[in-house]
Amino acid sequence: MQLSGAEIIIKSLKEEGVEAIFGYPGGQILPFYDALYDSGLKHYLVRHEQGAAHAADGYARATGKPGVCVATSGPGATNLVTGIANAYMDSVPIIALTGQVPCGMLGKDSFQEADITGITLPITKHNYLVNDVKDLARTIKESFHIATTGRPGPVLIDLPKDVQVAKTKFKYPEDVSLKGYKPILKGNKGQIGQAAKLIGNAKRPVIYCGGGVIVSGANAELFRLAELTLSPVTTTLLGKGAFPETHPMSLGMLGMHGTKAANYAVSECDLLIAVGARFDDRVTGKIDEFAAKARVIHIDVDPAEIGKNVKVDVPIVGDVKKVLAQLNEKLEQQLSGEWQDKIAQWKEKHPLSYGANGKLKPQFIIEQIYEVTRGDAIIVTEVGQNQMWAAQYYKYTRPRTFISSGGLGTMGYGLPAAIGAQVGCPDSVVIDIAGDGSIQMNIQELATAVHYNIPVIVVILNNNFLGMVRQWQEIFYDRRYSYTEITGPDFVKLAEAYGAVGLRVTEPNEVKPALKKAIEAKRPVLIDFVVEREENVFPMVPPGGAIHKMLGG
Amino acid sequence: MRHILAVLVENNPGVLTRVAGLFSRRGYNIDSLTVGRTENSNISRMTIVVSGDDLVLEQVTKQLHKLIDVIKINDITSEQYVDRELVLIKVGADPTVRGEIMQIVDIFRARIVDIGRKTLIIECTGDEDKISAVIESLIPFGIKELVRTGKVAMLRGQKFTSINDNKEDDN
């Protein structure tokens, strides 16, 4: 039987087990939407295409399954760009489907034409412009394979309208054959032996783990490694949840806003075991002084990450879960000693802290969220101070419970990503921790949440400032607050106008009752927390500084 | 140091853009890049000459490998290889100097491929030094136009850059 391109797309998505699509229709994607209409696939109409890309991203991070977003050609496609770049930087598997002008109109500056494969070339793992309906099923098969294997990432498929209409016989391919794409998954035995030797000889090991541990589902193997080696574990922002932060050997996050214990430990260690992390500048600070006393083992699925920023003594390319399992077999149980005592002392002496003064502090709100949810919620963040406090003052114990824009640092990510996460995990409490600046970048997605009754809770830490930028201006620009004071709307009224529940909290004792009320509401809730205006995120490593030299805290 | 990379790629639209874009985006310097079909019509071969130290080269190679369309990369710099470039030179040549030019052409085993009223087009193939020398020799006559292909290169003997031989055959 002959099927149209649009029908082939629907069938292929079903073959891939897609359950949710986030999108926005338009002229050149009409055939697809027509086939979608009675397909049984669940589609969520967002209010801006950027929201679709972030929602697909949040869905993917919360579930581990690829997220799918759809937009029309031209402006629809370009509106996805920030979301695609965001997914690329954080290695998130999303599939972006875009409508395109018919093949014969390509390159003629046609109405709503944009060269989206050209535009997204540097921000996708791969992309396709399909110009023959016969290639469609294979292209979709390859896209899902590429997006979800190796180091995951976004794949965009550009779909000219005539290709969606044209008909051909449909057969979904069973295998993918890509000559140039064969990710290395198993670690090299020799390298693993060398790593085991280094670990056996180390006196002061530290495990530095990133998002790769979560992507690979390697938290159990990581836990075992930490137990065997008695290494303290520090995570990056994206590594949160890879190792329980309630564990005595957890150091919390490292880097610019990391804990003192983590940054001291990395600076003093004689062996750094980097697992699924990429030595980002927000982690390393001054690169020459990062882990300067340590030999380095680097385990990552992406060979290009190894040796990119720091010199590595033992590189191991492979899937983190597989490599750690191989490595653990070679290790003997280490005994507790001076190093473990030292770690405990640092943790004891330098806990994260803020000046409680009876006023409503943002850090206090995060602590209360942790208590009310018993650490069992999915926390999504925007970008800025809200993000750092959410990272610092909530203890993450399970993978995929902290969802945040790390690499790109995209303001406006949180609300749509929270919607995606909630769609993927309908039984979880999903909370978007936001600032009053970033929430306004994609506030329109409240309408999406209300329309589908997706019960996300938006927590605005409202200080009437672009807080993180203001903090930098305070510290590095002599308090010259250049365009960082921001006024918002009345967020409570705005929430109500959208049909969500709006609450306002100004006193510390109102925090818990408001949170409980929000969780019990089972519908979208926005809470406007009016917090101390000039609170800072500490500790802080000045940009380019060595990470053991921290300000504040 | 200059390295010569022999790169096999899928013959897909946009593959040149992907490779060239990668170089500019990550700040690597391409000295020359040539591309053309191979014995297999689905596969093209690029010869890329790139400058950089070992660290840069390692990153270039790894980043190139991440492109889905890139099938195989060989850094042949340290191997025995043959490399050639082709140049076309249009040189000012009124009848009084033609004899002299033809002598130069003979010495370099180049060829005259077009004769105009006041110009000659000279074709020359060879390695980079030879091409530079022939250009140098023709400058006094006035070079009106010049085009060169960039380097193509191939391993000598029984070593291959081919997708069927992932391990190089050393016999």
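All chains are named by letter (A, B, ...) in the order of the sequence lines, taking the proteins before the strands, and each is independently numbered beginning at 1.
- At most 12 non-hydrogen atoms from other residues, nucleotides or ligands lie less than 6.0 angstrom from CG of Asp109(A).
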Ignoring hydrogens and angles, write down the donor-acceptor pairs under 3.5 Å from the side chains of residues 58-68 of chain B, residues two or more places apart or on other chains.
from, atom 1, to, atom 2, distance (Å)
Glu58(B), OE2, Lys62(B), NZ, 2.8
Gln59(B), OE1, Gln63(B), NE2, 3.1
Gln59(B), NE2, Ala304(A), O, 2.7
Thr61(B), OG1, Leu57(B), O, 2.6
Lys62(B), NZ, Pro303(A), O, 3.0
Lys62(B), NZ, Ile306(A), O, 2.8
Gln63(B), OE1, Arg26(B), NE, 3.4
Lys66(B), NZ, Asp302(A), OD2, 2.6

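- Counted within 6.0 Å of CZ on Arg98(B), heavy atoms from surrounding residues, nucleotides or ligands total more than 12; the atom is thus considered enclosed.
- A distance of 9.0 Å separates CG of Asp115(A) from OG1 of Thr17(B), quoted to the nearest 0.5 Å.
- Rounded to the nearest 0.5 Å, atoms NZ (Lys308(A)) and CG (Leu55(B)) are 13.0 Å apart.
- The most heavy-atom pairs under 4.5 Å with chain B, out of Pro183(A), Gly180(A), Gly307(A), Gly118(A), come from Gly180(A).
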Can you list, pair by pair, the side-chain donor-acceptor contacts under 3.5 Å of residues 27-35 of chain B, counting residues two or more places apart and other chains?
from, atom 1, to, atom 2, distance (Å)
Asp31(B), OD1, Ser51(B), OG, 3.3
Asp31(B), OD2, Ser51(B), OG, 3.0
Thr34(B), OG1, Lys151(B), O, 3.0

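- Arg25(B) touches chain A through its side chain: at least one heavy atom from C-beta onward sits under 4.5 Å away, while N, CA, C and O do not.
- By the 6.0 Å contact criterion, CZ on Arg295(A) is open, its count of non-hydrogen atoms from other residues, nucleotides or ligands being 12 or less.
- Looking at Leu8(B), neither its backbone nor its side chain comes within 4.5 Å of chain A, counting heavy atoms on both sides.
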- Please step through side-chain contact (heavy atoms from CB on, under 4.5 Å) for the pair Ile43(B) and Lys179(A), ending with a clear verdict. CA-CA 10 Å; Ile43(B) 294 170; Lys179(A) 288 192 276 296; 3.9 Å; yes
